[in-house]
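These notes are about the structure you will find just below.
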Amino acid sequence: MGGRWSAPGPGTVAAAIARFVAAQRVERVYTLPGSHVKPICSELARVGIRIVSARHESAAVHMAHAEADLTGRLGVALVTTGPGLTNAVTGIASAYLSRTPLLVLSARVPDPQAGMGALEEVPQADLVRPVCRYVREVSDPRHVLPGLHLATTMALGGDGPPGPVYVDFGANLLKLEMRDWYRDPHWFVPVVRPPRLPHQDGIALAAQALCDSRRPLAIGGRGVVGAGAELERFLVATGCLYLDTRESRGVLSRDNPQSIAAMRARAIAEADLVITLGRRLDFELAYGSGAVFAESARFVRIGRNAEELSENRPGDVTVCADVGAALAALARSGARPAAADTAWKDELISANAEKIRPKTGLTNRPLGTDGRMHPLTLIEAINRLVDPETISIVDGGDILSFARVGLRAITYLDLGPFGCLGSGAPYAVAAALAFPSRRTIALIGDGAFGFSAMEVETAVRNRARALFVIANNDAWNIERHDQLTNYPGQDLGTELCPSRYDLLARSLGAHGERVERAEDLAAALERGLANLPAVVDVAVTRDAVSPDSMSGLANVPPLHATQSWEDAERRMLERPPRG
Ligand SMILES: Cc1ncc(C[n+]2csc(CCOP(=O)(O)OP(=O)(O)O)c2C)c(N)n1
Ligand SMILES: [Mg+2]
């Protein structure tokens, strides 16, 4: 193998990796060039996989993340040795918290140089281990396919929560011949997550809990993804109210009357039975705290792994199973509350309908003292462009908070439980590539956009027809509000220079427009949609105080994510012990 390196042949390790990836029905691999991984990249292209090259490895991983979340298939990123891998860590960590199935591939320094001070040498596996479901360092051609197979099974959630897995190869390995280890066709089929069927005793106990309840509430998580039909039948059969969460958004139509997203606080405070569906009880659900959920509420926890079954608050009943299978079994059981509190249920349904009724007059919200439009004015203009097929993406601080209450989105991605600013632009690129016939609209704060604005060039180069709308308030505004409120008299880095992201976009070859007045918005957004990829840079006021600023999410109370939950927890802790 001495002398100049030649392209790898069809029976090499690199070729086997590519064939394995193609067998998983992966259509695009997100990457950024690097010599160490070039043999893999070359073979991926040879088997017909589209190579999408980003401008930062973290963005490449975010793209694979969006691809996985939107298509339901494995997302794949290929990052190069050393800084390629360290740059990717943020994206990997975000997928880890989102429980998104990703295969991250890389190459290490050649094994014969390991430990000798080789170019770009860092302990790659150690760097990613805490944020991966599985890590495998392959150093022998015999282990290439078993390693990839096991890693992919783990990524899909075969033996725990789904999430990112990492496999790297000594760079010296990639052009070696695979010999007979390559021939066995059973490696080149899609890896499937082994099904987990519910035990009938668990279903019987859950059914009994439902019959005994008066105010049952189901909460969706990643477990309901792909089980929309079963969920709908379950809700009809049992009459449960339903809350979706970030992980399950879009699975059930928001028009389903039993879905009461806008009444979340009251529903969780008053339900007497809470059924979690493949969902962690994490910060978004008050860690299942008895101060926020009714203290006497019973919990039925349905899911495939310990995180979903017992984290923070073990179920009074646990059903270890695929959520779809468990929901189907429960619907078949005929269980429903024997003495349902129908007044409670009807009240929540009608209060929810009233809250989500499209309001007129958002566009008339007063301008800020800076003369700029309110963020909800911008969101209302975007709502007019959102059709049932639109993929909506949000990234930022205040603007994300306003979007959570105002944006009418069905297919939706945001910066996720990792709170990872900078993921929005890459998500939009991947969404537009995966679904070219659907509209992709990303609403991004000016600060958040700065992390990955160069991905507009990736969009131009790859003809990713996304619309990037920048909510530009010249600030890390949610942080600015927190600082003004809690650290008065200080200005520590929360102001940004007035910047023109439309001009930046134009310099990268995209369509760019700046909008200062609400009356110009609709036409500018339409022109953007007609000239994708496009950046519409919208001046919004920094005066508007977002719901997250008000609820305390921005200043992080010690016990809970929001101030009202924090207060409830403190009241509970301060109560004298009973008895
Ligand atoms: C990578 C990263 N760095 C820092 C933060 C902390 N942070 C959360 S929101 C926010 C401000 C976001 O500003 P912008 O995107 O302009 O949105 P705005 O609040 O102005 O609407 C910051 C810095 C984070 N979540 N992620
Ligand atoms: Mg901002």
Side-chain angles (χ1 to χ4, degrees), residues 56-59 61-62 65 86-98 131 246 283-284 368 370 372-379 382 393-407 413-428 442-455 468-487 490-502 504 514-515 535-556 561-562:
H56 192 289
E57 287 83 358
S58 173
V61 178
H62 291 319
H65 179 151
T86 55
N87 273 350
V89 171
T90 296
I92 298 173
S94 188
Y96 182 73
L97 289 200
S98 295
V131 288
R246 180 154 38 189
F283 73 98
E284 290 179 310
D370 46 12
R372 293 173 166 206
M373 75 181 83
H374 194 284
L376 283 169
T377 305
L378 168 59
I379 288 168
I382 293 176
I393 291 159
V394 185
D395 183 6
D398 276 339
I399 194 62
L400 170 70
S401 176
F402 283 117
R404 273 208 214 104
V405 293
L407 188 69
L413 286 178
D414 68 22
L415 42 67
F418 193 48
C420 191
L421 291 182
S423 49
Y427 284 175
L443 173 60
I444 306 176
D446 53 330
F449 187 58
F451 285 95
S452 45
M454 284 308 291
E455 302 310 328
F468 306 86
V469 182
I470 313 306
N472 191 345
N473 48 24
D474 305 329
W476 304 104
N477 207 42
I478 198 166
E479 302 292 347
R480 197 182 68 89
H481 273 298
D482 181 32
Q483 190 164 290
L484 288 175
T485 314
N486 298 311
Y487 307 83
Q490 289 192 321
D491 170 18
L492 299 176
T494 60
E495 302 269 348
L496 298 171
C497 284
S499 303
R500 292 283 303 268
Y501 298 103
D502 55 324
L504 175 69
R514 168 87 171 177
V515 178
V535 171
V536 178
D537 182 33
V538 183
V540 296
T541 182
R542 41 167 62 191
D543 294 348
V545 182
S546 69
D548 281 352
S549 260
M550 283 189 274
S551 73
L553 204 58
N555 63 24
V556 195
T562 70

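What you see is a predicted model, and the numbers here were worked out from it, not measured in a lab. As the structure lists them, so they are numbered: ligands from 1, and atoms in each ligand from 1.
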**OP:** Taking the six-membered ring for Trp and the single ring otherwise, decide whether the centroids of His374 and Phe402 are under 6.0 Å apart.
**Re:** yes
Original post:
Mind checking whether the Mg ion (ligand 2) has an N, O or S of Asp446 under 2.8 Å?
Top reply: yes
**OP:** For the Mg ion (ligand 2), decide whether Asn473 has an N, O or S atom at a distance under 2.8 Å.
**Re:** yes
Subject >> Stepwise side chain to side chain contact (heavy atoms under 4.5 Å, CB included) test for Leu492 and Tyr487 >> reply: CA-CA 10 Å; Leu492 299 176; Tyr487 307 83; over 6 Å; no
Subject >> Distance in Å, Asp398 CG paired with Asp543 CG, rounded so as to fall on 0.5 Å steps >> reply: 11.0 Å
**OP:** Give the protein residues with at least one non-hydrogen atom closer than 4.0 Å to an atom of ligand 1, ordered by chain and number.
**Re:** Gly396, Gly397, Asp398, Ile399, Gly419, Leu421, Gly445, Asp446, Gly447, Ala448, Phe451, Asn473, Ala475, Trp476, Asn477, Ile478, Glu479
**OP:** Of all the heavy-atom pairs spanning Ala403 and Leu443, show the shortest one and how long it is.
**Re:** CB-CD2, 4.3 Å
**OP:** Check Asp537 against Ser499 and note the closest heavy-atom contact, atom names and distance.
**Re:** OD2-O, 3.7 Å
Original post:
Got a sec: is Gly447 within less than 2.8 Å of the Mg ion (ligand 2) via an N/O/S atom?
Top reply: no
Original post:
Are Asp370 and Thr541 close enough that a side-chain donor and a side-chain acceptor fall under 3.5 Å?
Top reply: yes
Subject >> Shortest non-hydrogen separation from Ala475 to Arg542 and the atoms involved >> reply: CB-NH2, 3.6 Å
